[in-house]
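Throughout, a chain's letter reflects where its sequence line sits, starting with A, and its residues are numbered from 1.
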Protein chains: 2
Amino acid sequence: MTSINSGWSRRRAAAGIKASLRALRNQMSLLNHQVGARLELRDVDLDCLEIVQEHGPLTPSALARRAGLHPATVTGILDRLQRGGWVARERDPDGPDRRAVLVRALKDRNAELLGLYAGMSTALDGLLAGYDDDQLALLADFLRRTTEAGRTATEELGRD
Amino acid sequence: MTSINSGWSRRRAAAGIKASLRALRNQMSLLNHQVGARLELRDVDLDCLEIVQEHGPLTPSALARRAGLHPATVTGILDRLQRGGWVARERDPDGPDRRAVLVRALKDRNAELLGLYAGMSTALDGLLAGYDDDQLALLADFLRRTTEAGRTATEELGRD
DNA sequence: AGATACGATACGGAGAGCATATCATATGAC
DNA sequence: GTCATATGATATGCTCTCCGTATCGTATCT
């Protein structure tokens, strides 16, 4: 009895978490859209900027692969990001591949960006204050592993 | 001493969670992008479809407000979603406002959509199996409250 | 009733995204 | 080495998206 009920309630709980995850992604993307509008950047520009900030410096083609975009599309995105002072294109004449360009995230406008996320950041601070250290660690670990699962799933869909 | 160290480590933990949240949003959007590509839908189409599925049926203008888009843009998005059989536009001649259109999510292609998310869903099932009921409840509550915080932050940026 | 506001969409222009071409550089076979 | 082929980044041109505005129908207010 207990095990049956338990299995059923766990399934419900898991489904609920998946739905919440979808809703969260959607809401955060809506927030990103507002932020991008203030900065005159497209959603995809912010997506790419985030990749460069987290995984950069990298080449435009590596960025294109990671973002699932055509290399020519990335050229246009980088033009906008560079024009706005968000990234720099670096060519290294002494590098191993002189065709390659390295895209590096600049910090010049970080404060501005942080400012636009301030509302969310403050709300999160308040929310997180209600958790003890163990719970925070649990959340961090869950987010990290879910992201990793997302990366795998994305790559699987991207192949072919 | 302990309180100072504790405060400092909590701050680090909170910052880490915020960064993980950003990375997670980004990765899930990349996954969505791949899903959308398979369905010949733009990212924004999937965003809107999700809103309709979760908060619908609603009018195009309500959807535009929620998504932070121009009403004319939503017309085009709904054209694509309708053409693909994802939503239906309903006009109710007996409704309180005969100008209004109601956008309703259809279930016809739900299985197809679920299939594209299957990789992520399975990975999540495995991940969630490692948590007990209390931990699942903690995660669900965190996701729900974070989404709510995101909604507030988005609305604040959207006003003006 | 008339004036005004609002919902949805048509239309046109600016620009995004991408397939392809181009040019420079790398890599491999011989 | 030399030639052929592959690869990185970007230019070019085409299609489609997004959005400002106009339009049409309906609702609301006085």
Colleague: One thing to verify: whether R10(A) and D125(B) come together as a salt bridge, which I'm taking to mean a side-chain N less than 4.0 angstrom from a carboxylate O.
Modeller: no

Colleague: T73(A) near the nucleic acid: base, sugar-phosphate alone, or nothing, with a heavy-atom cut-off under 4.0 Å?
Modeller: base

Colleague: Q82(A) has an atom CD; how far is it from atom P of dT10(D), in whole Å?
Modeller: 8 Å

Colleague: Between T75(B) and dA8(C), does any side-chain N or O lie under 4.0 Å from OP1 or OP2?
Modeller: no

Colleague: Using a cut-off of 4.0 Å on non-hydrogen atoms, how would the nucleic acid contact of V44(A) be classed: base, sugar-phosphate, or nothing?
Modeller: sugar-phosphate

Colleague: Once you round it to whole Å, what is the distance between C1' of dG7(C) and CG of D92(B)?
Modeller: 15 Å

Colleague: Between D45(B) (side chain) and R42(B) (backbone), is there a donor-acceptor pair under 3.5 Å?
Modeller: yes

Colleague: With a 4.0 Å limit, can you tell me whether R91(A) has a side-chain N or O closer than that to the phosphate oxygens OP1/OP2 of dA24(C)?
Modeller: no

Colleague: Verify the contact: side-chain N or O of R99(B) to OP1 or OP2 of dA5(C), cut-off strictly under 4.0 Å; return yes or no.
Modeller: no

Colleague: Rounded to whole Å, how long is the line connecting atom CG of L69(B) with atom P of dT9(C)?
Modeller: 15 Å

Colleague: Would you mind telling me which residue lines up with the more 5' stretch of DNA chain D, D45(B) or A72(A), judged by nearest nucleotide?
Modeller: A72(A)

Colleague: Considering only heavy atoms from C-beta outward, does the side chain of V35(B) approach that of L46(B) to under 4.5 Å?
Modeller: yes

Colleague: What is the distance from CD1 of I77(B) to C1' of dT9(C), rounded to the nearest Å?
Modeller: 14 Å

Colleague: Looking at dC18(C), I'd like to know if its phosphate oxygens (OP1 or OP2) sit under 4.0 Å from a side-chain N or O belonging to R42(B).
Modeller: no

Colleague: Please answer whether the main-chain N or O of G150(A) pairs with a side-chain N or O of T154(A) as donor and acceptor at a distance below 3.5 Å.
Modeller: yes

Colleague: What is the distance, rounded to the nearest whole Å, between atom CG of D43(B) and atom P of dT17(D)?
Modeller: 13 Å

Colleague: Side chains of R151(A) and T147(A): donor-acceptor distance under 3.5 Å anywhere?
Modeller: no

Colleague: Is the phosphate of dG7(C) approached by T59(B) (side-chain N or O, under 4.0 Å from OP1 or OP2)?
Modeller: no

Colleague: Within less than 4.0 Å of OP1 or OP2 of dT9(C), is there a side-chain N or O belonging to R89(B)?
Modeller: yes

